[in-house]
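All chains are named by letter (A, B, ...) in the order of the sequence lines, taking the proteins before the strands, and each is independently numbered beginning at 1.
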Amino acid sequence: MQIDFQGSGLQGARPPPDADRQRMMWINADRVLYLGLLGEPTVRCFGGFSVYLSLRGTHRICVDGGDWQDCAVSVVPPYVRHRIVSGERMICNLLVEAETVDVAALPAHLRAGRGAVDAPAALQRMREALDILRRADNRRYASTAAFDEAFFGAPLRTRALDARVQAVLDRIKSDPNGHVSAQECAVAAHLSVSRFLHLFKAETGSPFRSFRTWQRARSLLYYVTQSSNLTDIALDAGYPDSTHFSHSIRQVYGLTPKSIFAGSRKLALYASGAGVPRLGYH
DNA sequence: GTCCGCAGAGAGAGAAACAA
DNA sequence: TTGTTTCTCTCTCTGCGGAC
């Protein structure tokens with residue numbers, strides 16, 4: 001396969017293959033790229049468009065209680081429960097935050113995908129982008145647009161949102177582990193709580209609480225390489241105690257926090273841009 | 001079209017108990 | 001001591017009718 005490093009969007013990309021540095025995660029406020037162990041998750045439910053990509057073979061996926069499907073690439077819409085198993089230990093998972101994109105303008109396989117996807121060209125592009133990334137010296141994308149360019153062929157068009165809702169989104173995403181209530185947001189938006197909740201759902205496509213829960217669970221990804229105990233990490237991530245932490249994380253990722261951290265020990269983490277939570281223990 | 005308020009249903013948060 | 005499970009209560013979601 002011919003790999004073109006020009007225009008890949010990678011900062012300082014060059015091709016030194018190194019099998020020991022394969023497990024990695026790149027994350028910013030709008031996108032996540034995870035390349036690592038899948039484990040044995042039960043039902044999971046992410047708040048963004050989720051793309052699973054097998055590295056060589058295939059995986060099996062079951063979306064919203066439907067039939068199991070065998071495929072190399074699959075897509076799960078935001079807030080849809082699904083299960084996944086793979087014959088390979090490693091898997092690639094891309095996450096596109098739903099509120100950051102104009103759904104109508106998404107590539108067809110993302111927009112309409114629900115489980116296995118038959119999109120050979122998209123599969124080849126994503127595998128090539130992944131290959132470039134795995135060979136790169138500095139695995140950071142300069143921007144969300146550069147990430148989109150690499151994996152989807154072009155920057156994904158952003159969604160135009162109501163300014164009041166956008167302000168709330170910015171507030172939550174800039175500090176996902178801070179607790180902000182619907183009432184506070186409604187006051188800030190100069191709306192009643194009822195009206196705010198309706199408007200939020202209409203604009204973003206997801207309920208306020210679901211979005212807040214997802215953002216908090218998502219912020220866990222910034223901590224997965226830390227070696228502190230889970231209680232400290234739960235508090236840092238904005239959970240009142242390890243009870244909620246364990247419960248919420250299992251609902252989102254289908255794995256216990258313990259197994260997530262165990263599987264992330266050798267993971268190289270590349271975080272950038274807004275949304276990186278404040279680190280530091282209580 | 002935008003906004004408000006009500007009410008029933010359901011999910012999330014908090015407390016306690018249990019297991020390793 | 002740490003992490004997980006279970007149970008109960010509170011808060012949020014959502015559909016609806018109505019006012020402006």
Side-chain angles (χ1 to χ4, degrees), chain A residues 37 39-48 50 63-65 76-83 97-99 103-104 159-173 175-265 267 277 279-282:
Chain A
L37 302 175
E40 296 179 2
T42 58
V43 177
R44 43 177 40 191
C45 183
F46 297 152
S50 184
V63 178
D64 210 13
V76 182
Y79 302 103
V80 172
R81 292 157 65 84
H82 60 283
R83 292 195 66 183
E97 297 304 316
E99 78 285 353
V103 176
R159 182 189 300 205
L161 292 169
D162 181 285
R164 295 162 296 183
V165 172
Q166 185 65 61
V168 170
L169 290 176
D170 292 343
R171 179 178 177 182
I172 294 174
K173 293 179 80 166
D175 184 17
N177 44 18
H179 185 82
V180 56
S181 69
Q183 183 161 10
E184 285 177 70
C185 295
V187 168
H190 304 293
L191 294 169
S192 69
V193 174
S194 169
R195 177 58 191 153
F196 167 72
L197 292 173
H198 280 90
L199 183 65
F200 189 94
K201 173 75 186 292
E203 288 289 310
T204 65
S206 67
F208 174 73
R209 188 193 301 212
S210 302
F211 179 79
R212 199 181 54 186
T213 301
W214 162 244
Q215 285 297 316
R216 187 155 59 174
R218 186 186 191 277
S219 74
L220 169 75
L221 298 176
Y222 291 96
Y223 299 92
V224 292
T225 55
Q226 297 194 10
S227 56
S228 303
N229 70 59
L230 294 182
T231 302
D232 285 340
I233 290 172
L235 294 173
D236 264 352
Y239 292 89
D241 52 39
S242 63
T243 301
H244 286 107
F245 180 60
S246 175
H247 192 240
S248 297
I249 294 305
R250 204 154 51 88
Q251 276 199 324
V252 171
Y253 296 103
L255 295 163
T256 62
K258 193 175 182 178
S259 51
I260 290 175
F261 279 79
S264 302
R265 281 198 193 104
L267 193 73
L279 299 176
Y281 299 114
H282 298 262

### Message
So, does A/Arg216 get its side chain near the phosphate of B/dA13, meaning an N or O under 4.0 Å from OP1 or OP2?
### Response
yes
### Task
Specify the closest pair of heavy atoms between A/Arg159 and A/Glu99, including all atoms of both residues, with the distance to one decimal.
CB-O, 4.0 Å
### Message
Without decimals, in angstroms, what is the distance between A/Phe196 CZ and B/dT2 P?
### Response
17 Å
### Query
Taking only N and O in the side chain of A/Gln251, is any of them less than 4.0 Å away from OP1 or OP2 of B/dA11?
no
### Whether over 12 other heavy atoms sit under 6.0 Å from A/Arg81 CZ
no
### Query
Which class fits the ring pair A/Phe46 and A/His82: parallel under 30°, tilted 30 to 60°, perpendicular over 60°?
perpendicular
### Task
Mind calculating the distance between CD1 (A/Ile249) and P (B/dA13) to the nearest angstrom?
11 Å
#### Entry: Nearest-nucleotide pick for A/Arg195, side chain only, options being B/dG12, C/dC13, B/dC3
B/dC3
### Task
Considering non-hydrogen atoms only, spot the tightest contact between A/Leu220 and A/Tyr253 and give its length.
CD2-CE1, 4.0 Å
### Task
Drop me the distance from A/Ser206's OG to A/Tyr79's OH, to the nearest 0.5 angstrom.
4.0 Å
Protein-nucleotides 5-9 of chain C N/O pairs closer than 3.5 Å?
{"residue": "C/dT5", "atom": "OP2", "partner": "A/Arg250", "partner atom": "NE", "Å": "3.1"}
{"residue": "C/dT5", "atom": "OP2", "partner": "A/Arg250", "partner atom": "NH2", "Å": "3.1"}
{"residue": "C/dT5", "atom": "O4", "partner": "A/Thr243", "partner atom": "OG1", "Å": "3.4"}

### Query
Rounded to the nearest 0.5 Å, what separation is found between the CG atom of A/Leu255 and the CG atom of A/Leu37?
10.5 Å
## Note on the structure
Taking C/dC13, B/dC3, C/dT12 as options, the one with an atom nearest any side-chain atom of A/Arg212 is C/dT12
### Whole-Å distance separating the CG atom of A/Leu197 from the P atom of C/dC13
5 Å
### Task
Kindly point out which of C/dT12, B/dC4, B/dG12 is positioned nearest to the side chain of A/Thr213?
B/dG12
### Query
A/Leu197 and A/Ala182: which non-hydrogen atoms are nearest, and at how many Å?
CD2-CB, 3.8 Å
### Of the listed nucleotides C/dT12, B/dA13, B/dC4, the one nearest the side chain of A/Arg209
C/dT12
### Message
With rounding to the nearest 0.5 angstrom, report the CD to CD1 distance, A/Gln251 to A/Ile249.
### Response
10.0 Å
### Contact residues, residues 198-206 of chain A to DNA chain C [heavy atom, < 4.0 Å]
A/His198, A/Lys201
### Query
Rounded to the Å, how far apart are A/Phe211 CZ and C/dT12 P?
16 Å
### Task
Look at the rings of A/Phe200 and A/Phe208 and say which category their plane angle falls in: under 30° parallel, 30 to 60° tilted, over 60° perpendicular.
perpendicular
### Query
How bent is the helix from B/dG1-C/dC20 to B/dA20-C/dT1, comparing axes over its five end pairs at each side, to the nearest 10°?
40°
### Query
Rounded to the nearest 0.5 Å, how far apart are CG of A/Asp162 and CG of A/Leu199?
4.5 Å
### Query
Do the charged groups of A/Glu97 and A/Arg218 touch, with an N to O distance under 4.0 Å?
yes
